[in-house]
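Taking it in order: structure first as structure tokens, then the write-up.
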Amino acid sequence: MILPIDVISDVICPWCYIGKRRLEKAVAILGGQQEVRVRWLPFQLNPTMPKEGTSRREYRTAKFGSWERSLELDAQMVAVGEAEGIHFAFDRIERTPNTLDAHRLIWLADKEGAHDAVVEALFRADFTEGG
């Protein structure tokens, strides 16, 4: 019997990337004793984001009150990410994107059985390669 797991996330969310790593660890603990089917479902954190995205600095300053506060939060996330094997490179990210097309791509990849690889690639592209 397959254990279905629905993950509702946005690829712009660094905590969702952390959650993906932690879910992978939990599934690995099962050691193949249980077949798991993870399904990635869309949630847009910023549904009103312009299609072309916006300046990360402007967006984060408005969201967190100052650029300095945003940098403090990034530093905390870097530490959490390192513990999970994720090397966040927030300094490389210039824009905060609209993720609607990313969710469409994940949906299409699911039809081909490649959704997990696409989700991983999108997280990695944004957070470790700088978008």
Side-chain angles (χ1 to χ4, degrees):
M1 187 165 148
I2 297 173
L3 174 63
I5 299 176
D6 288 346
V7 178
I8 302 167
S9 74
D10 196 347
V11 293
I12 193 64
C13 171
W15 283 110
C16 293
Y17 197 10
I18 299 280
K20 183 178 188 301
R21 280 292 176 277
R22 291 177 176 173
L23 176 59
E24 290 165 349
K25 288 179 183 178
V27 170
I29 289 171
L30 295 173
Q33 296 175 14
Q34 174 70 55
E35 186 177 351
V36 176
R37 163 78 165 111
V38 177
R39 186 170 61 157
W40 294 91
L41 301 174
F43 180 81
Q44 277 193 288
L45 287 173
N46 306 305
T48 61
M49 179 69 64
K51 184 169 178 61
E52 68 278 3
T54 191
S55 157
R56 182 174 193 270
R57 185 179 185 121
E58 290 174 21
Y59 171 75
R60 302 266 302 180
T61 298
K63 183 172 182 172
F64 297 114
S66 72
W67 182 241
E68 292 72 24
R69 178 66 180 141
S70 174
L71 294 175
E72 290 171 8
L73 294 169
D74 284 351
Q76 292 172 8
M77 183 59 61
V78 166
V80 174
E82 288 296 325
E84 300 298 332
I86 300 169
H87 307 291
F88 286 108
F90 294 114
D91 59 319
R92 297 171 127 186
I93 303 171
E94 295 181 12
R95 299 194 67 74
T96 298
N98 177 305
T99 57
L100 182 60
D101 286 341
H103 290 298
R104 289 176 174 148
L105 181 61
I106 293 165
W107 178 82
L108 286 170
D110 184 44
K111 303 299 178 205
E112 299 298 322
H115 63 288
D116 191 70
V118 169
V119 169
E120 180 67 27
L122 290 168
F123 276 134
R124 189 177 56 251
D126 190 39
F127 291 119
T128 66
E129 297 169 8

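Just so it is clear, the values below take in all heavy atoms, side chains as well, and ignore hydrogens, waters and symmetry mates.
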OG1 on Thr61 to CD on Glu58, rounded to 0.5 Å: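 One gets 8.0 Å once the value is rounded to the nearest 0.5 Å.
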
Side chain proximity check, [X] to [Y], heavy atoms < 4.5 angstrom:
{"X": "Asp10", "Y": "His103", "result": "yes"}
{"X": "Leu3", "Y": "Glu35", "result": "no"}
{"X": "Cys16", "Y": "Phe123", "result": "yes"}
{"X": "Val11", "Y": "Ile106", "result": "yes"}
{"X": "Glu52", "Y": "Asn98", "result": "no"}
{"X": "Trp40", "Y": "Asp116", "result": "yes"}
{"X": "Glu120", "Y": "Tyr17", "result": "yes"}
{"X": "Asn46", "Y": "Thr99", "result": "no"}

side-chain contact (heavy atoms from CB on, under 4.5 Å) between Met49 and Tyr59, worked out: CA-CA 10 Å; Met49 179 69 64; Tyr59 171 75; 3.9 Å; yes

Donor-acceptor pair, side chain of [X] and main chain of [Y], under 3.5 angstrom:
{"X": "Ser66", "Y": "Arg69", "value": "yes"}
{"X": "His115", "Y": "Val38", "value": "yes"}
{"X": "Arg39", "Y": "Asp6", "value": "no"}

Whichever hydrophobic residues join Trp107 through chains of side-chain contacts under 4.5 Å: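 Members alongside Trp107: Leu108.
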
Nonpolar side-chain network containing Leu45, other nodes, edges under 4.5 Å: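 Taking Ile, Leu, Val, Met, Phe, Trp and Tyr as members, Leu45 shares its hydrophobic cluster with Ile8, Ile12, Leu41, Phe43.
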
Same apolar cluster (I L V M F W Y, side chains within < 4.5 Å links), [X]/[Y]:
{"X": "Leu100", "Y": "Val119", "result": "no"}
{"X": "Val7", "Y": "Val36", "result": "yes"}
{"X": "Leu73", "Y": "Trp67", "result": "no"}
{"X": "Trp15", "Y": "Ile93", "result": "yes"}
{"X": "Val78", "Y": "Ile86", "result": "yes"}

Check: Glu82/His87 side-chain N/O donor and acceptor closer than 3.5 Å: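 Note: Glu82 and His87 side chains meet the donor-acceptor criterion.
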
Partners meeting salt bridge (Lys or Arg N to Asp or Glu O under 4.0 Å) with Glu24 (sequence neighbours left out):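 Glu24 satisfies salt bridge (Lys or Arg N to Asp or Glu O under 4.0 Å) with Lys20, Arg21 once adjacent residues are dropped.
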
Stepwise side-chain contact (heavy atoms from CB on, under 4.5 Å) check, Asp74 with Phe88: CA-CA 9 Å; Asp74 284 351; Phe88 286 108; over 6 Å; no

Atom of Gly53, atom of Arg95 and distance for their closest heavy-atom approach: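 In terms of heavy atoms, the two residues are closest at O-NH2, 3.0 Å.
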
Phe127 to Cys13 - nearest heavy-atom pair and separation: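 Taking every non-hydrogen atom into account, CZ-C, 3.7 Å.
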
Carboxylate-amine/guanidinium contact Arg37 Asp110, below 4.0 Å: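 Looking at Asp110 together with Arg37, the answer is yes, because their closest N to O distance falls below 4.0 Å.
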
Leu71 vs Glu68, side-chain contact (heavy atoms from CB on, under 4.5 Å): CA-CA, chis, key distance, verdict: CA-CA 5 Å; Leu71 294 175; Glu68 292 72 24; 5.6 Å; no

The single option from Arg60, Lys63, Arg57 passing side-chain hydrogen bond (donor to acceptor under 3.5 Å, both in side chains) against Ser70: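 Single side-chain hydrogen bond (donor to acceptor under 3.5 Å, both in side chains) partner of Ser70 among Arg60, Lys63, Arg57: Arg60.
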
Steps toward salt bridge (Lys or Arg N to Asp or Glu O under 4.0 Å) verdict (Asp126, Arg92): CA-CA 9 Å; Asp126 190 39; Arg92 297 171 127 186; over 6 Å; no

